[in-house]
Amino acid sequence: MSIVTVQLGQCGNQIGFEVFDALFSDSHCTQGLCSKRENEAYQSSCKERFFNEEENGVPIARAVLVDMEPKVINQTLSKAAQSGRWKYGQHSCFCQKQGSGNNWAYGYSVHGPRHEESVMNLIQKEVEKCDSLSGFFIIMSMAGGTGSGLGTFITQNLQDQYSSSLKMNHIIWPYGTGEVIVQNYNSILTLSHLYRSSDALLVHENDAVHKICAKLLNIKQISFNNINQVLAHQLGSVFQPTYSEEGSFHYRRNPLGNLMENLVPHPEFKMLGVRNIPHMSENSLAYSTFTWAGLLKHLRQMLISNAKMEEGGFKDPALYTSWLGPDNAFNVWKTQRAFSKYEKSAALVSNSQFLVKPLDVIVSKAWNMFASKAYIHQYTKFGIEEEDFLDSFTLLERVVASYCNL
């Protein structure tokens, strides 16, 4: 089944390119521990999910690119075409001449309604190219105006027009030190609205990815390109074709459906996190070896780093909420194929309390600004009233309380 990716804003388009490039590079890598037949099945599964085939043989990404300024989209289209390996569709992008000024309300209330028909028509054309649609993967940030505001508006439209198709939003959590002065407003409005219209929010924190670049990859001058490549590697490891432990070695056809079924058992809990190991520089990789036991133990330690419990495997009941048994709460999917440059690697997607503290911090900062009426006029002049802020605070405080009570 195919996934249609919607890349929104500068952040969404830059990450989207890196994700497709990582997936294509992986699927066409001949290295691995599997047979030629399984390798061909792997490539076919990856292509079905993420690429269309053009007449001249160059795969085209199943994606729609949206931004309110043309610069990043033009750069993204050019980088893909210059690779000579894959590209974006010639008519799969939408851009304008004016951005959203880091204002969620402008992206949501102005750009959204104004360009709704054009963007949704592009998405519909992409959907029509799919033999079978698994759902939508929507890549966006929370800090700015276009990715967050327009991204929220488009997600709501997808919910209205494709209510039976799954929608997973990939959310980039802003740096705690601040990227824009109103990022906390933009963040609470994004999260509260998406909680009503999206099936799952797959979250990456910029601060956490920055640490991976600095401490594990030993990058001295960290750029957004470095961060985006780490994100692409982690996302690629999640969407890499796999089969279940009990399967007949046929790759799972519905990746979004499988993730949602196992990770979002209740609509109150839909925030997902990703952990992936190993991450290391090329220099270190040449002198390193890995075992599955070691990788999985490390992954488990990452999951429970703030918890006090006895050593044990992923079947330990103490890892999970009381209303989900270990057999239902933990699933293993695998493949004989190596991913990227690592012969052995493991990814863990979890629905846990990892975002309770960051979410509580953002809500508190936004509330402090709201209490002093700071910058509220920038939102009310575009139709977002104070009641909308209060509704967002109420919903997100309930989310924090629900996760704390797990």
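- To the nearest 0.5 angstrom, Leu359 atom CG is 9.0 Å from Ser364 atom OG.
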What do the steps show when you test Phe370 against Tyr185 for ring-ring contact (aromatic ring centres under 6.0 Å, His included), and what is the final call?
CA-CA 8 Å; Phe370 180 79; Tyr185 280 166; 7.1 Å; no

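- Asp26 places no side-chain N or O within 3.5 Å of a backbone atom of Ala22 that could act as its donor or acceptor partner.
- Between the side chains of Trp367 and Asn184, no donor N or O sits under 3.5 Å from an acceptor N or O.
- Identified under the side-chain hydrogen bond (donor to acceptor under 3.5 Å, both in side chains) test for residues 64-80, with sequence neighbours left out: Ser78-Gln82.
- Side chains of Asn52 and Glu126: a donor-acceptor N/O pair is present below 3.5 angstrom, by distance only.
- No hydrogens or angles considered: nothing links the side chains of His193 and Gln156 as a donor-acceptor pair under 3.5 Å.
- Taking the six-membered ring where tryptophan is involved, the planes of Phe137 and Phe239 are perpendicular, since the angle between them exceeds 60° and thus also 30°.
- Closest heavy-atom contact between Ser134 and Ile3: CB-CG1, 4.2 Å.
- Counting only heavy atoms from C-beta outward, the side chains of Met142 and Ile172 never approach each other to under 4.5 Å.
- Under the 3.5 Å distance criterion, the side-chain polar atoms of Asn103 are matched with a main-chain donor or acceptor of Gln378.
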Stepwise side-chain hydrogen bond (donor to acceptor under 3.5 Å, both in side chains) test for Thr155 and Asn169
CA-CA 8 Å; Thr155 302; Asn169 290 71; 3.0 Å; yes

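- Side-chain atoms of Glu48 come within 3.5 Å of backbone atoms of Met1 as a donor-acceptor pair (strictly under, hydrogens ignored).
- Between the side chains of Asp391 and Ser192, not a single donor N or O lies within less than 3.5 Å of an accepting N or O.
- Other residues, nucleotides and ligands place no more than 12 heavy atoms under 6.0 Å from the CG atom of Asp131.
- Less than 6.0 angstrom separates the ring centroid of His210 from the ring centroid of Tyr175.
- Asn13 places none of its side-chain heavy atoms less than 4.5 Å from the side chain of Val66.
- Defined by atom type and a distance below 3.5 Å, a donor-acceptor pair is missing between the side-chain atoms of Arg62 and Ser92.
- Among all heavy-atom pairs drawn from Cys213 and Val230, the shortest one is SG-CG2, 3.8 Å.
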Stepwise ring-ring contact (aromatic ring centres under 6.0 Å, His included) test for Tyr243 and Trp333
CA-CA 5 Å; Tyr243 40 76; Trp333 301 328; over 10 Å; no

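- The ring-ring contact (aromatic ring centres under 6.0 Å, His included) check on Tyr403 picks up Phe269, with sequence neighbours excluded.
- Contact check for Trp173 versus Ser187: no side-chain heavy atoms found under the 4.5 Å cut-off.
- Using a 4.5 Å heavy-atom cutoff, the side chains of Glu53 and Ile60 are not in contact.
- By the side chain to side chain contact (heavy atoms under 4.5 Å, CB included) test, Asp388 is found to be paired with Ile384, Glu385, residues two or more places apart in sequence or in another chain being considered.
- At least one donor-acceptor pair under 3.5 Å links the side chain of Asn121 to the backbone N or O of Glu117.
- In this structure, the side chains of Phe389 and Ile188 come closer than 4.5 Å at one or more pairs of heavy atoms.
- Counting only heavy atoms from C-beta outward, the side chains of Val363 and Glu397 approach each other to under 4.5 Å.
- Between the side chain of Ser109 and the main chain of Tyr106, no donor-acceptor pair closer than 3.5 Å is present.
- Atom OH in Tyr375 sits 12.0 Å away from atom CG in Asn102 (nearest 0.5 Å).
- Considering only heavy atoms from C-beta on, Met68 comes within 4.5 Å of Ser100 through its side chain.
- Ser198 places a side-chain N or O within 3.5 Å of a backbone atom of Ala200 that can act as its donor or acceptor partner.
- Remark: Lys167 is not positioned above the aromatic ring of Tyr162, lacking an NZ or CZ atom under 6.0 angstrom from the ring centre and at most 45 degrees off the axis.
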Walk me through it: do Phe17 and Trp86 pass the test ring-ring contact (aromatic ring centres under 6.0 Å, His included)?
CA-CA 10 Å; Phe17 166 80; Trp86 66 277; 5.6 Å; yes

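- Between the side chains of Gln124 and Glu128, at least one donor N or O sits under 3.5 Å from an acceptor N or O.
- Met140 places a side-chain heavy atom less than 4.5 Å from the side chain of Thr152.
- A donor and an acceptor atom, one from each side chain of Tyr379 and Asn186, are located under 3.5 Å apart.
- His170 contributes atom NE2, which lies 8.5 Å from atom CD of Gln234 (distance to the nearest 0.5 angstrom).
- Checking Ser402 against Glu268 by side-chain atom types alone, a donor-acceptor pair falls below 3.5 Å.
- The backbone N or O of Asp160 lies less than 3.5 Å from no partner atom in the side chain of Ser163, so there is not a single donor-acceptor pair.
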